[in-house]
Amino acid sequence: MTYFADKHPLLADIFSRYPDSPQGRRSALMPLLREVQNAEGFVSEARMREIADLCGTTATEVRSVMSFYSTYHTLPTGRYHLQVCSTLMCALAGSDELWDHLVSVLDVQPGDVSADGRFSVQKVECLGSCGTAPVVQLGDEGYYENVTRQKCDRLIAALRQDAPPPPDNPVPVTVREDGRQMTAAGERVGASIHDRKPLPAGGDR
Amino acid sequence: MSVLDIAKGMGVTLSKLFQKPVTVSYPEERVTLQPRFRGRHVLTRHPDTGLEKCIGCSLCAAACPAYAIYVEAAENDPLNPTSPGERYAKVYEINMLRCIFCGLCEEACPTGAVVLGNEFELADYRYGDLVYGKEDMLVGVDGSLPQRREAARTGRPLRRGFRVEGGARPELEGVEYPS
Amino acid sequence: MTVADPAPKPITSGKDPRFAPSLYAHVGQPGSWTLEYYRKHGGYEGVRRAFAIGPDAVIDEVKKSGLRGRGGAGFATGLKWSFMPLNDGKPHYVICNADESEPGSFKDRYLLSEDPHQLIEGMLIGGYAMRASVGYIYIRGEYVHAAERLWGAIEEARAAGLLGKNVLGSGFDFQLYVHRGAGAYICGEETALMNSLEGLRANPRLKPPFPAAAGLYGLPTTINNVETFCAATQILKYGADWHASMGTEKSRGMKLFQISGPVARPGVYELPLGTPFRELIDDWAGGPLEDIKAIIPGGSSCPMLRWDEATLDMPMDYEAIAAAGSMLGTGGVTLIPRSVCIVNATWNLVRFYAHESCGKCTPCREGISGWMVRMYEKLVRGRGVPGDVELILDMSENIGGRSFCALADACLGPVLSSIKLFREEYDALAETGQPLYPARSRWRES
Amino acid sequence: MKVTIDGIPVDLPAGTSALDAVFHAGRDVPYFCAHPYLSPVGACRMCLVEAGTPRKGKDGAFELDEATGQPKIFWMPKPMASCTLQATEGMHIRTAKTSDVVAKAQAGMMEFTLLNHPLDCPTCDKGGACELQDRAFEYGYGASRYGFDRRHADKHYALSDFIILDQERCIHCKRCVRYFEEVPGQEVLDFIERGGHTFIDTEEGGLPVGFQGNIADICPVGALLDNVARFRGRNWEYDHTPTTCTLCPVGCSITVDARNGRLERVVAGEHRDVNEVWICDAGRFGHVFATEERLTVPLVRVGGELREATWDQAIEAMRQGFSGHGSNVGLYLSADSTLEEGAALVALAEAVGTPSRDHWPRYPHTPMSTATLTDVATADALVVLGADLGEEAPVVELRILEALRGGLLPAEFAHGTAIADLRLTERPARTPEKLAVIGRESRLWRHAGLRVPAEGPDLLARLARPDTPDLQAALRLLEEAEKPVLILGADVLNGADTAFSAALSGLAGRVGAKVLVIPAGPNSRGLGGLNLVPGAGGLPYGRLGEVGAAFLSRLDPAAQGLPGRARGFTVVHDTHLTATAQGADVVLPAVTNYEKRGTTVNLEGRLLPLAQAPLRAGEGADLIRALVAVAEALGVRSPVRGLRGAQAWLEARYGLRLAELPAGGRLQPPRPPQDAATGLAHAPQLWKPRMLPRPERRGSGVPGREARAERWELPLAPAPQPGGDD
């Protein structure tokens, strides 16, 4: 049974985002790959062929595109695929130790799945969380940020209970409700945009 | 010409008369060769695996100024390879009548497979028998074609009419010459 | 529009009593991502004004504001918008580059997740000005949370008649879609991004033709950064003069500066261009937590600057940093502590570029991905020999300016600057095999 | 447009790439990813040059250099890849010859390219003809400073029966990937992974047979190699013979590489008007029959068995066999024979006075082509009627696809075809709506905007008066286009007659279309014009069984399911012991078209020369010489006794001057072929069973020592004593 056989509304929605042309059809390739991966954890060769037919291309091209991007997998991953950012900003916050800790505690190497089928790990490049480093991404779910040793252990324990905590998204900004920023000294300086009036829509010429 | 000159000449003759003669009564006696003497080619093997060093690249044939070498390559059977890698020489022939023993083939060889040995007793009767194939040159095959033929006919061990001072060159891996 | 004269001195400090954060004014507030919240705070006023003044006036307004692209290169946005052909009968596209992958940059992530309507409005303005009826937001695949917020916001906007046919009764049709990337830094390059959007390998394309002539699907396309579109929203809302009143002569407006590394309050700060490093680091971010030796001024591709008084006093604008031999980039400031081996830190970044090289051109694929990263690995593992640094320098000469796109040059930013500034650390490693600053754990316990 | 290269001024058309400007000026710049018939991509970065342009001041005039008074050249800050840089008016370019920056940049780039390239040139079939080898020698440092292990990847990985891939050798120039996308329009090969891990692979379970072999030609290194010619010889050992392929009526330019009398490899030649540089897989790989199981001596049936004989014995046998048949002799030849051979056969037939002469395959009536392949490539509408181009004329398919991606003919310079044609783009936009295919399903269907499944000889009539919306659309396509071309194939031509021709020219005239008729055989267009069809009372090939005695040249009716013999005496002239030859009375050894000199006519009516490759053919003779023997046996003297004689005969009879044919041939309005019923339908088939590769049969031509050791005992007696004993 093909994956998309009974998902016509989903397909229609994805294809509707792109022009109705051979090139536009091809654009659906990445969303379709993402759909399959989110459902099955990886993209098998049969799925590649299926996506190729849907996009009007060949399995070679699908594999080519897929292998270009680092978040698609051709091999099954664990139920919890933990991606650790290893780029400089996280490394300055200890992501190397975090990685070593994860690998040894979970007893799993990149490319493998732990014995209980729960965990797989991957070192990834900058996840855009440099202000809240270090960061661990769980599959295609979300980030855990400011992962200290204790937080890491809590996270692993929760995952072992199959109770993943909701991803957190701390916002490292200092603009307050009044629209003013606060300096490190706790001082509110500058003005608030709330006090400015938008220009009238009728134009000001 | 003065008498003195004649005496001088006779003196040389006289002095040589009592020295040991340098003439070697070849072939009854073995002639002594220097290791760098260039005789017929040897195709060497890798000493540890026994695989042929020749990969059939034809560079020796390209380098040969006398067009004496002919190589035909083929793909190795991965389970039972003749040489390391993908390619080996299925046919490797040197026409010893054409060969001028210049050694350029040896220089061109990227794997050190073809090395000029010290054997020079190649005289034979038919043109075709002077075209040496792999079977005649691989290391372990001693002597020239007529020598081997004679040994086979008489049942006596093959005999070479030379010795090499200090033995074969190191490049001639696995070749032994009487020293 | 009247020109205010005599021109008051532009605002070049976040502490200036006149300066008000606008891009991030709502980021972090509860419910800031909803249409209801956004409308309550003057949402979609900018696009209303755009519809009122007409597309050409919008481009003029953006030109007048002095806005420069916030994605790193700093190209004048108004000028870029004016490159789009007029009335050529072809569909036009606007694309928002939300593939924020530059190490050290994380400003767009919060704009996307906390204030998505600001971006939607900015894209409506851009689409209207450039006669585009379809917009795509290319968001990096890892920003799941942000993508979900965006989807929700687009649904809300569509339901409210802000997207689709005849937006706000203006007669302008605009569709907006989100396209998720899948983990490739090179997609931040605009032509690679278009290839990725077309379902191809994200190799950069040949320029010319430039996207404004033949971009997505071979049609005129303009790509801007998230912050640029958001700034356009603010410009249309509050006027070009207001925007131009901030910053320095050639670098106008506010900018989102990000700071990471060992500081008390790492995060995003909205400050006018021209704010000195010292103010960002000390007053806003609370000062460094340890002894610092280098500062990366704008994302990992920008050459490092030495941590000294001159650098701290340097205004953060395009010109001043360029004069110092680096770039403002995305404004992602990273502090590198004294105790970190600079060769190791640079290796980390080189590894990043080696991993992210698309493999299209030889100097990047072989030079960086094949050779440079191994040279660094060799040095860091203590197997370096004297002469390795010279080899790296010579190799850099053969890579720099020879590659197809700017990724290879970006990698050379940290390489060359770190060698220039900290040659003694390299030499020590190459000669003794021991780093001057041995590694130690940097992971916080709690 | 004036451009200056290393101080050499040249005048170039606008739009020229800097790379072509350099070559046009007689200078050199290394390149790997650029290819004359593929889009420039600028990936290998080898073709770096320094470039500078004059700049116009505010007044519109060039800013002048104060010292020289000449326009001041503003040099670009970094070297540019010349393959993707467009030369502009007044541009100055410096190559490695005059610029140290460029020389260093190229040497550095070469070092990078060689970083992971294995040092297995001695075992690599590309060695000696390798662009990387040559360029590394010319532009490299000479030594690498890379002190690490090279990348290891799959070596000798078969992509198909014909193509073998060595991923270690790949330098990622992307020529093969672009080739498949841009030329045959098949996305079957692509890069996998990214960065330093990138490699080439297919996920389709092998490359499609059709045009895959071309990637072995265009690969600048030994990554993609011809598996049929694998390890057969080094490039400098081959005898290269440029000639024309005669497997189908296209007449592609090829080079036959022979070694030691064996045909080891066929590579494509460049003919800008015919095949550009692409040939089909059959033409490239289907040559194995030329060296396998060839007939090398005449065979004569003695006591019911074919025995080896001399030519004299064969002539004697033929003399006896033909006697009593008088002029009731049928002379038949294969339609891939040369014009000269055809002339010899006609001349003999006339001397004997037999009307039974024929060539096969042919159609009873072949309408005239008015289109050339260039017309096809530049057409703005194409209708293919009843043709399976994959079987009939594969390269026409590529020219059609060329039209669909814009119909840009390659520009030509002093150095030949433009190497980096900036008009070509990667992943070109195709216009399938320009192509309508009417007929049975074929490979071309994928590319057609309009597909009409239909068959039968009445297709033309139905197209002229369309009865379905699809056919109406096809006719409208022809009507609305300015340069339409109509291509006709076997399915409609098998039933063609003069009325068909009239209808065809009527339709073509009405819509302003040119017509390309695909003849049945490789040279049947040329042979048909020589009156090589049955005369009054003559029997066509299809009625061989009714002829008294017959001579068949390289025809195998028995394999077609026809009677393999004439009523009486049968002589077969062939390269192999075919089913027909096995039943013949006398078999004469023939030579293949790779070993012939002569002239063939392709589907456009272009006279193309054949050259003789040095293959071992024993006593094999071409048809002209074989017919001399037959004439002798028949007791007549043919006026054509050699190639020169045949050409003189052709000139005297038809005014065809073939003696000084240029290498690229000559387009000549051909003589209309004579009509004659065939009694047979022609079913085109490109791959004949004997063309399929059979590696197990490809032994060496050299006998082993074992065979020679048998002969150790000399005929001299007694055995001479080798001197010396201990």
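Model, not experiment: these values are computed from the prediction. Within every chain, numbering begins at 1; the chains are lettered A, B, ... in the order of the sequence lines, protein sequences first and strands thereafter.
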* With only heavy atoms counted, which part of C:Ser357 is less than 4.5 Å from chain D, the side chain, the backbone, both or neither? -> both

* **Region of D:Ile192 that comes under 4.5 Å of a non-hydrogen atom in chain C** => backbone

* **D:Lys97 atom NZ, over 12 foreign heavy atoms within 6.0 Å** => no

* Polar side chain donor-acceptor pair, C:Glu366 to D:Asn116, under 3.5 angstrom -> yes

* Which of D:Cys44, D:Ala81, D:Cys173 touches chain C most, by non-hydrogen pairs under 4.5 Å -> D:Cys44

* Which of the residues D:Pro77, D:Pro79, D:Ala105 is involved in the greatest number of heavy-atom pairs with chain C at under 4.5 angstrom? -> D:Pro79

* Please state whether the side chain, the backbone, both or neither of C:Ala202 comes within less than 4.5 Å of a heavy atom of chain D. => neither

* To do: Select one option (side chain, backbone, both, neither) describing which atoms of C:Ile399 are under 4.5 Å from chain D's heavy atoms.
  => both

* Asked: What do you reckon, is CZ of D:Arg55 surrounded by more than 12 foreign heavy atoms closer than 6.0 Å?
  -> no

* Structure fact -> Pair count under 4.5 Å, heavy atoms only, with chain D: among C:Cys358, C:Gly370, C:Ser369, highest is C:Cys358

* Looking at D:Arg45, D:Lys104, D:Gln106, which one forms a side-chain hydrogen bond (donor to acceptor under 3.5 Å, both in side chains) with C:Asn398? -> D:Lys104

* Relative to chain C, which segment of D:Thr113 carries a heavy atom at a distance below 4.5 Å: side chain, backbone, both, or neither? -> both

* Is a side-chain donor-acceptor pair under 3.5 Å present for C:Tyr426 with C:Ser418? -> yes

* Structure fact -> Under 4.5 Å to a heavy atom of chain D? For C:Arg201 that would be side chain

* To do: Mind ranking C:Met395, C:Lys360, C:Lys378 by heavy-atom pairs under 4.5 Å with chain D and telling me who comes out on top?
  => C:Lys360

* With distance as the sole criterion, is a donor-acceptor pair present between the side chains of D:Glu168 and D:His117 under 3.5 Å? -> no

* Structural part of D:Leu422 lying under 4.5 Å from a heavy atom of chain C -> neither

* Is there a donor-acceptor pair closer than 3.5 Å between any side-chain N or O of D:Gln167 and the backbone N or O of D:Ile200? -> yes

* Interface moiety of D:Phe191 toward chain C, non-hydrogen atoms closer than 4.5 Å -> both

* To do: Taking the six-membered ring for Trp and the full ring for Phe, Tyr or His, determine whether the centres of C:His179 and C:Tyr138 are under 6.0 Å apart.
  => yes

* Which residue out of D:Arg151, D:Lys78, D:His172 racks up the most heavy-atom pairs below 4.5 Å with chain C? -> D:His172

* **Between D:Met46, D:His197, D:Glu111, the one whose heavy-atom pairs under 4.5 Å with chain C are most numerous** => D:Glu111

* Is the CZ atom of C:Arg383 crowded by more than 12 outside heavy atoms at less than 6.0 Å? -> no

